[in-house]
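Order of the sequence lines fixes the chain letters, A, B, ..., with proteins taken first and strands second; residue numbering starts at 1 for each chain.
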Amino acid sequence: MKTLELKDVGKSFGPVVALSGVDFSAEAGDVTALVGDNGAGKSTLVKCIGGIHRVDTGEILVDGTPQQLHEPRDAARLGIEIVHQDLALADNLDVVGNMFLGRERVNRLRTLDENTMEKLAAQTLSSLGVRTVRSVRQRVANLSGGQRQTVAIAKSVLWSSKIVILDEPTAALGVAQTEQVLDLVRRLADRGVAVVLVSHNMNDVMQVADSIAVLFLGRMAAQVRRQDVSQTQVVELITSGRSGALGLPAESRGAAQ
Amino acid sequence: MKTLELKDVGKSFGPVVALSGVDFSAEAGDVTALVGDNGAGKSTLVKCIGGIHRVDTGEILVDGTPQQLHEPRDAARLGIEIVHQDLALADNLDVVGNMFLGRERVNRLRTLDENTMEKLAAQTLSSLGVRTVRSVRQRVANLSGGQRQTVAIAKSVLWSSKIVILDEPTAALGVAQTEQVLDLVRRLADRGVAVVLVSHNMNDVMQVADSIAVLFLGRMAAQVRRQDVSQTQVVELITSGRSGALGLPAESRGAAQ
Amino acid sequence: NNNKSSASSSAPPANTKVGVLLPDTASSPRWVSADPNELRKQCAANKLTCYIDNANASATTMESQAQALINQGVGVLLVTNLDSGSGKAIESLAKQHNVVTIDYDRLTTGGTAEYYVSYDNVKVGEDQGTALAACPQVAGKSAVGYVDIDGAPTDNNATLFAQGYNSVLSKQAGWTKLGEQTGNWDPATAQTVFTTMLGRHPNLNAVMVANDTMAQSVINVLKSQSLAGKVAVSGQDATAGGLDNVMAGTQCFTIYKPVAGEADVAIKLAGQILSGQKPTAPATIKDPTNAREVPSYLADPTVITKKNVALPVTDGYETAASVCPTPALVKLCSENGIKTP
Amino acid sequence: MTAKTEPAVAEETPVRGPGALRVYIREYVARLRGGELGSAPAIVGLVVITAFFAIVHQGFLSAYNLEALVIQAAPIIVMAMGLVFVLLLGEIDLSAGTTGGLCSAIMAVLLLRHGQSWWVGVLGGLVAGLVIGFVMGWLRARAGIPSFVITLATFLAFQGLTLILIGGQGSVILPTGSPLISLENSFVPLWLGWTLLGIFVAGYAAIKLIDARGRQQSGLAATPIAVIVAKVIGVALLGSAFTYEMGLNRNLITNAFFSSKAQGEPWAVVLLVLLFVIWHFTLSRTRYGRHVYAVGGNEEAARRAGVVVSRIRISVFVICSGMAAISGVVAASLLQSVQSNAGAGNTLLLAVGAAVIGGTSLFGGRGRMIDAVLGGLVVAVIINGMSDLIQGSNSSGYEWVVTGAVLLLAAGFDAVVRHGRST
Amino acid sequence: MTAKTEPAVAEETPVRGPGALRVYIREYVARLRGGELGSAPAIVGLVVITAFFAIVHQGFLSAYNLEALVIQAAPIIVMAMGLVFVLLLGEIDLSAGTTGGLCSAIMAVLLLRHGQSWWVGVLGGLVAGLVIGFVMGWLRARAGIPSFVITLATFLAFQGLTLILIGGQGSVILPTGSPLISLENSFVPLWLGWTLLGIFVAGYAAIKLIDARGRQQSGLAATPIAVIVAKVIGVALLGSAFTYEMGLNRNLITNAFFSSKAQGEPWAVVLLVLLFVIWHFTLSRTRYGRHVYAVGGNEEAARRAGVVVSRIRISVFVICSGMAAISGVVAASLLQSVQSNAGAGNTLLLAVGAAVIGGTSLFGGRGRMIDAVLGGLVVAVIINGMSDLIQGSNSSGYEWVVTGAVLLLAAGFDAVVRHGRST
Ligand SMILES: Nc1ncnc2c1ncn2[C@@H]1O[C@H](COP(=O)(O)OP(=O)(O)OP(=O)(O)O)[C@@H](O)[C@H]1O
Ligand SMILES: Nc1ncnc2c1ncn2[C@@H]1O[C@H](COP(=O)(O)OP(=O)(O)OP(=O)(O)O)[C@@H](O)[C@H]1O
Ligand SMILES: [Mg+2]
Ligand SMILES: [Mg+2]
């Protein structure tokens with residue numbers, strides 16, 4: 001049984017068909033890479049799973065049960081943790097405030113336990129290799145691109161979830177920080193989490209992924225095991241939607257793993 | 001004479017020292033890569049050149065003349081075109097509107113020449129390898145991350161400038177689009193433009209750069225010619241600020257090429 | 001100015017429709033219930049159909065109400081203007097559509113109304129001045145310091161009241177005006193203003209306040225200084241609160257202008273006009289802007305002091321229930337001859 | 001599921017002939033379903049409340065009342081037009097009402113105390129408005145004071161200045177027969193009304209056709225001719241219906257003594273159409289208009305693109321105050337006088353409400369000229385419809401309550417149509 | 001250039017002892033220079049205009065006038081406190097003024113026409129406020145109508161309802177001697193005043209010290225004890241000065257015959273402090289407060305983080321209307337009566353202006369409770385100071401002008417201090 005499974009998912013925005021007939025699955029303990037050209041529909045897919053968009057057709061199953069995802073809260077309740085591409089940080093809050101947003105620690109008197117949160121935030125950030133955030137009491141509005149991204153990633157790390165989805169988490173990260181995040185991804189999967197990683201960086205994908213799903217113009221071109229394909233084949237799938245015997249739309253549904 | 005030269009530039013935000021004593025230069029016909037860890041101060045440097053921040057100390061010279069850059073307009077007047085990391089698109093305008101913002105074409109009657117602009121916009125986008133933007137009359141609010149980045153890049157391509165600065169232009173781009181942009185960068189330099197490329201992707205940097213400048217914690221660790229260093233050395237410079245004889249803070253001012 | 005025939009198909013041959021335009025709800029409570037009730041009663045008695053609108057202090061609203069009433073086919077329009085300018089616009093509009101207008105309570109200077117039915121507002125002010133000078137707190141004193149708290153300067157009537165009381169008070173021997181401010185017909189403003197005045201002139205003996213609601217504010221401040229009842233305070237409109245204060249002795253007097261004095265006359269006049277007559281008014285008032293002699297019906301106000309405080313209630317102008325809402329006040333009322341059921 | 005056959009790629013090749021019409025309609029429906037409703041909700045709201053009042057209030061749609069409605073709406077619409085500019089930048093001008101009042105007071109004083117001719121007075125008022133707008137814009141753009149505070153201060157101060165100018169009389173009456181009064185109280189001769197309508201429709205058709213040809217020549221997808229023809233006919237029919245009804249004699253009472261006629265549309269209509277065309281054109285077809293939207297949508301993006309943000313910011317306040325001055329003049333014409341409390345009270349709230357009901361956002365970046373017109377009409381219909389609806393003692397209390405309720409209904413309707421648009 | 005020696009790395013190791021104080025002060029100065037001014041500009045503005053009026057207007061700082069100032073400011077501050085919540089979400093409540101009026105009218109009617117005791121009346125008014133807030137919040141959050149339009153409608157409707165309730169009497173006078181009147185017109189006994197001050201200062205010191213110890217124990221940089229002591233002494237001194245001056249007898253006339261005394265601070269002060277502490281605590285130390293800021297700063301981020309945005313949105317309207325109801329009760333206590341136009345006029349604009357002058361943004365995400373207090377004091381000082389500045393029956397014109405000018409000066413001052421902060 002798949003931890004996360006999408007069946008025949010379709011989503012349109014007015015005249016724009018962003019997704020159509022997409023099947024996708026992610027298993028516990030695996031890193032599933034979701035790749036595709038710009039505008040292929042990766043982020044839309046992630047948002048559908050996250051309850052930000054409602055799907056027009058098809059269904060989303062978690063642990064084999066179909067789920068209604070109408071709100072991000074619904075996804076969170078199911079143990080799905082997402083770092084979206086558009087990071088969505090509250091610029092007027094500080095790093096601690098953003099990192100614990102929605103899951104603030106409170107002490108006995110139901111007041112915010114700022115001390116614990118501040119310590120945890122600082123620890124998490126440094127564990128992700130960020131050394132340049134001067135203070136976790138800084139407003140995130142003033143952070144650099146990479147620092148912002150780290151805060152968003154750190155936010156998702158703080159909670160133990162069943163499914164972690166990262167939409168281009170390393171786009172703005174430096175060399176060292178990227179290493180840390182890929183490491184983290186691997187460790188999460190080893191802990192039994194189903195990790196979905198959206199990325200444009202083929203090196204990273206080939207390095208950490210167990211399974212690779214390729215979106216092409218809103219359709220699932222193919223979902224294959226990492227060891228069954230070469231980097232060239234994946235790139236071919238991304239740019240043309242097919243590569244040799246892989247990724248024919250008619251077969252794509254069966255092609256998944 | 002350098003097309004763009006920074007001497008002893010310093011910039012602080014309240015208690016945060018983002019840049020201090022930075023020397024940097026870019027020459028016509030060269031691609032100068034600006035690299036550094038997250039929060040090293042790359043974007044701050046770019047914003048100082050772009051007139052978004054005023055420098056606290058030091059000076060910025062264009063073609064050997066010191067310039068006062070107080071407003072983005074001042075930079076534009078000097079022929080400096082910048083794609084910032086935070087793309088800054090007007091979400092309520094369509095792709096055409098954003099691409100020509102501030103430099104709209106008008107016809108004889110001083111009314112907007114929408115037809116010409118629309119045609120040019122579509123051409124530029126497809127020249128950058130983006131096939132998934134359904135219509136250039138779409139609002140940019142609804143574009144995917146990579147599509148937004150492409151619009152921002154396309155914006156800077158439309159004008160013939162003396163200096164083009166790209167702050168992590170390929171962060172959100174797919175494989176094919178990244179190729180196109182690197183190609184573009186090379187072609188711009190060959191046309192005699194001084195191109196500054198900020199990037200975390202060492203492969204890309206080693207591929208297109210002629211000169212590499214490394215920022216470390218707000219200071220210039222070293223600026224060297226591409227052929228004088230290996231990728232490992234650059235990574236070392238980024239993460240520790242020095243590599244062998246390269247990049248000692250005391251020497252950094254002289255080390256620049 | 002006769003409407004023997006009406007072209008309006010919806011109206012019966014003999015037009016019985018009268019429109020009434022009232023100004024606002026803040027300058028005096030009378031516009032909210034006293035006038036509408038009395039006018040309605042009189043209309044029923046005279047078998048007329050009355051349309052009564054209140055403009056909520058907006059000249060544009062009044063203009064549109066006038067248009068709506070003319071659209072209804074009224075033959076006579078009673079106008080209590082917000083200001084002469086908009087009043088004139090309405091009257092010329094009415095004239096354009098062959099509707100007779102009557103100035104009700106307020107004269108539209110420069111206007112074209114056929115009649116003016118009112119209390120004499122300068123006279124009201126003069127009465128206020130005279131009554132204040134006769135208050136026990138100041139009567140016979142050789143030196144009296146007083147302050148004025150006027151109505152809204154945007155209201156022409158306030159100007160007329162002030163003209164009246166100032167003309168009287170300035171002639172009182174030994175009286176000196178320590179300050180004059182406008183309370184804008186607004187109790188909160190009046191309270192702020194008077195607080196400061198009292199702080200500056202703690203020894204003042206009399207306060208010339210234009211109406212009862214503002215007088216209440218003045219009394220509040222005096223109470224907090226334990227001065228209530230020791231300073232002469234004026235008023236106007238014979239509101240329930242004003243009568244309470246008069247009974248309690250914290251307010252010296254109020255001015256009672258029974259609505260019947262205006263409403264009865266105006267509606268009777270309207271009925272006569274609609275039936276084709278052209279009545280002759282007992283008096284004329286000179287319009288100060290164009291010297292036109294406006295045929296006028298002018299009623300006299302009554303000064304209400306502790307002695308005759310029951311009059312507005314016995315007249316039915318105020319109900320005993322609203323004047324005496326609490327047990328303490330019921331007692332005070334019965335002492336002063338107001339019977340509560 | 002048929003959508004599956006349509007991949008999300010650019011459809012750049014324009015289609016022509018009857019196919020084009022089908023494509024156009026399909027796209028239009030898709031856009032509607034995607035939430036791009038344009039003016040549709042405001043129009044539907046307007047029709048609904050008009051129908052409501054036409055039912056409860058006989059004679060609401062008579063030529064007489066229609067004229068009254070138009071001249072009452074005129075000052076609101078003019079002010080709302082100016083406010084759209086300020087709102088597009090996410091700013092607010094609380095003082096627009098009292099600015100209008102002050103400018104009309106200046107005009108009245110020039111006319112009556114200094115014996116100037118009417119156009120000097122109007123010019124004086126207008127110049128005063130522009131100067132006021134410039135100062136407020138400067139304070140906002142350069143001194144960085146929040147516009148709410150600046151305009152709250154001027155809201156109070158201008159109320160005071162008007163009061164000082166007009167003085168204790170309560171109002172100043174404009175000279176009878178002045179062209180100023182004619183604006184709202186005299187009527188365009190019938191022949192001229194029809195001629196102007198003809199010019200307007202012809203101009204509209206010409207622009208639409210030239211646009212379409214230009215796009216076709218540039219190889220871009222153009223509006224099909226059939227759609228353009230339909231639109232032009234629609235405009236012509238609406239215009240004709242209005243001009244025809246306004247051509248009827250509206251005098252209700254005629255007899256042997258009085259035979260004056262009231263027919264033709266009020267001059268204010270011509271002014272409204274003129275202002276609408278100018279500002280609509282400015283917003284949609286000039287660089288300036290584009291920059292206003294850009295600054296409202298993302299100030300930083302506009303600044304980086306070289307737009308002189310402070311200049312745009314000052315300019316919208318100038319336009320807003322200028323339009324407020326015109327609105328003040330129109331209001332003075334309506335009342336044939338200027339009150340010492342001109343422009344105070346709910347004037348501003350209603351004008352802003354008009355723009356917002358029309359679809360303009362208070363957060364900047366979204367709004368069009370037509371919003372001011374449609375929203376202004378909604379507000380005017382409510383006020384006019386309410387003004388005589390409730391009779392009896394304390395009617396004004398009930399009227400306020402019902403006005404609020406109707407306003408909420410109109411807006412709620414709009415919201416339901418837009419389906420949860422967030423403002 | 002000395003800055004060069006200080007690299008931009010995290011300084012996580014807390015310093016203790018006298019070094020900590022130096023670090024603290026250096027950081028504070030750096031923050032100030034970096035533009036994080038907090039309440040400084042509003043405080044400076046308040047001091048400046050107070051000084052201005054103290055000079056032009058002798059007796060402005062007398063105990064008598066200080067008390068008047070406080071009781072006049074109370075309704076404004078209470079309403080502004082509620083508005084801060086709504087503004088933090090980038091919403092507006094135009095009807096806060098008339099909601100207050102309506103609730104006080106409901107209270108008055110319960111008291112006087114239904115013979116209820118005072119606390120039933122207050123409870124009735126408060127419940128009405130909460131219900132009103134809930135309905136408006138629901139319309140905004142669920143039906144998606146812009147809050148400007150909803151509250152414009154209720155602004156009108158509630159004005160009407162108040163008029164209907166109070167009716168033709170013009171105003172309803174509260175029973176003499178009722179505890180309601182005491183709120184603004186009676187005084188805390190001297191011993192109790194000092195005791196309350198003691199409790200307040202002790203509580204303040206305790207919280208600050210507990211905070212600092214907690215941080216130290218967690219190994220985080222804590223405020224140095226010296227700073228805390230300085231702050232506590234500052235608060236104690238200010239409080240004592242106020243309590244002392246309020247303890248003086250303010251009766252203007254005393255002689256052998258009259259010996260009643262007016263001394264002690266008004267009860268309203270206790271109410272203000274209580275409300276301030278509650279809401280300040282809510283905003284700064286509870287999850288709810290954090291969520292309010294998050295929704296105001298980035299609604300989408302909050303939604304994705306699992307915050308129930310619609311519930312937060314409804315709640316701020318409930319709080320705002322509830323506080324408006326309290327403000328209405330305080331205003332009724334001040335005037336010892338409820339008018340048929342209670343809460344109309346400029347009530348709302350002044351309260352919003354107070355919050356904005358204090359430093360709250362109209363675009364959401366930025367604002368604190370202290371803003372309402374400081375801004376409300378600025379507004380009250382201006383109104384009180386103006387009320388006697390110019391004499392004459394047409395003085396109000398000049399007064400309005402000067403009020404506007406002073407308001408602008410206060411805000412301009414603030415803006416210059418903040419150096420181009422954008423709101
Ligand atoms: N809210 C929306 N309204 C309209 N179109 C949208 C919306 N969101 C996404 N789209 C369109 O749907 C398509 C898929 O977008 P999506 O963001 O999923 O792409 P992506 O695969 O994440 O691309 P990238 O790699 O650039 O992030 C794009 O063409 C985009 O323009
Ligand atoms: N407006 C600001 N206010 C305060 N601090 C700032 C501001 N802008 C940048 N900083 C700080 O300055 C430092 C440098 O930031 P900058 O954005 O230049 O980094 P960068 O090199 O571009 O990093 P990245 O690779 O993550 O984009 C960071 O520590 C950042 O937090
Ligand atoms: Mg994406
Ligand atoms: Mg950067």
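When all heavy atoms are compared, the tightest approach of Ala157(D) to Gly404(E) is CB-CA, 4.3 Å. Leu152(D) and Gly353(E) make their closest contact through CD2-CA, 3.8 Å (heavy atoms, listed as atom of the first residue, atom of the second, distance).
With a 4.5 Å cut-off on non-hydrogen atoms, Phe155(D) touches chain E through its side chain but not through its backbone. Neither the backbone nor the side chain of Val406(D) comes within contact range of chain E; no heavy atom of the residue lies under 4.5 Å from a heavy atom of that chain. For Val402(E), no part lies under 4.5 angstrom from a heavy atom of chain D.
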Derivation of the side chain to side chain contact (heavy atoms under 4.5 Å, CB included) call for Leu139(D) and Leu408(E): CA-CA 10 Å; Leu139(D) 285 170; Leu408(E) 203 54; 3.8 Å; yes
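The distance from the CG atom of Leu156(D) to the CH2 atom of Trp400(E) is 8.5 Å, given to the nearest 0.5 Å. One finds the OG1 atom of Thr360(E) at 11.5 Å from the CZ atom of Phe148(D) (value rounded to the nearest 0.5 Å). Distance CG/Leu349(D) to CG/Leu349(E): 7.0 Å, rounded to 0.5 Å. Put simply, CD on Gln159(D) and CG on Asn346(E) are 6.0 Å apart, with the number rounded to the nearest 0.5 Å.
Counting heavy-atom pairs closer than 4.5 Å to chain D, the top-ranked of the candidates Val352(E), Thr403(E), Leu94(E) is Val352(E).
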